[in-house]
Amino acid sequence: MIRENLNEIQNKIEDSLLKRTVTADSNSVKLIAVTKNHEVADMQEAIEAGVLSIGENRIQEAISKAATLDREVEWHLLGHLQTNKVKQAVHLFDMIHSVDSKKIAVEINKEAKKINKIQDVLLQVNIAKEESKFGIYAEDLPDLLRDVDQMESLHVCGLMTIAPICDNLEEVRPIFKNMFHLYTDMKQHKFEKTDLKWLSMGMSHDYTAAIEEGANMVRIGTAIFGPRQY
């Protein structure tokens, strides 16, 4: 079933790319398979079906899975990162999606420097200004970008957002539009090391609309693996 789900998702991704009305840097989309609360056996099945990138929300769960997963994959941290977990995150994850303050960026930079690593990160933007979600507000993003660009062991390679959950995709489409406009605007700024390559937005319930509005990275769990087992 996982292979069939992935095939269906890929078809929808290709259809969504054809419906784009924006000019994006590329006509491809990176799929992050979100494996929170799913078994290692399911992860391995997904990898055998072509998944190259795994996304986890919890560091301890990722550490446990990484110890038993007999496959080479990219590891992406999607969940909010606390300062006391930064060391573990830097050691395990290829990319951290949830940098939303100078404080957490400083900690990541410090730990990455200790192990001579350049840590790829995305800056999380709370584009809808939802009180229940983490992320920096759009108007504060330029200052954070300038600060992080000066950190020698960090590499900002994109932006990430989590859109509000809406039954009607058309209700959330303006959020994706605004995020794409912010992304393209920030790409016009001159930075020393920052390379805004990725715009990560869209999950199982809204990834088609996100891609149509310019996303080139999506984070999909339920549509691949089915409902999570808690």
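Here the structure is a predicted model, which means the values were calculated and not measured.
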With a 4.0 Å cut-off on N to O distance, would you call [X] and [Y] a salt bridge?
X	Y	answer
E45	R3	no
R20	E213	no
R146	D143	yes
E56	K65	yes
K103	E107	no
E14	K19	no

Name of the residue among V99, T194, D195 meeting side chain to side chain contact (heavy atoms under 4.5 Å, CB included) with V156: T194
Could you give the distance from [atom1] ([X]) to [atom2] ([Y]), rounded to the nearest 0.5 Å?
X	Y	atom1	atom2	value
L122	I96	CG	CD1	10.0 Å
H76	T35	NE2	OG1	11.0 Å
L81	S98	CG	OG	5.5 Å
I104	L123	CD1	CG	12.5 Å
E152	I118	CD	CD1	7.5 Å
L141	L159	CG	CG	5.5 Å

Keeping [X] on the side-chain end and [Y] on the backbone end, is there a donor-acceptor pair under 3.5 Å?
X	Y	value
N126	I136	no
D94	W75	yes
E171	D167	no
N216	K197	yes

Going through the distances and angles, do L92 and I63 end up as a side chain to side chain contact (heavy atoms under 4.5 Å, CB included)? CA-CA 7 Å; L92 175 58; I63 290 172; 4.0 Å; yes
Nearest atoms (heavy-atom pairs only) where [X] meets [Y]:
X	Y	answer
G226	H38	O-CE1, 3.3 Å
K193	V148	NZ-O, 4.2 Å
I175	A163	CG2-CB, 4.1 Å

Would you kindly confirm whether [X] and [Y] end up in one hydrophobic cluster when ILVMFWY residues are joined by side chain heavy atoms under 4.5 Å apart?
X	Y	value
I13	W198	no
I108	I59	yes
I162	M186	no

Assess, by modelled atom type and distance only, whether the side chains of Q60 and Q88 contain a donor and an acceptor separated by less than 3.5 Å. yes
Suppose we screen for side chain to side chain donor-acceptor pair (under 3.5 Å). Which residues come up paired with D147, at least two apart in sequence or across chains? none
Report the relative orientation of the aromatic rings in F180 and Y183; use parallel for angles under 30°, tilted for 30 to 60°, perpendicular for over 60°. tilted
For the residue pair F134 and H80, categorise the inter-ring angle as parallel (less than 30°), tilted (30 to 60°) or perpendicular (more than 60°). parallel
From CA spacing to verdict: side chain to side chain contact (heavy atoms under 4.5 Å, CB included), Q119, H155: CA-CA 6 Å; Q119 178 68 59; H155 175 225; over 6 Å; no
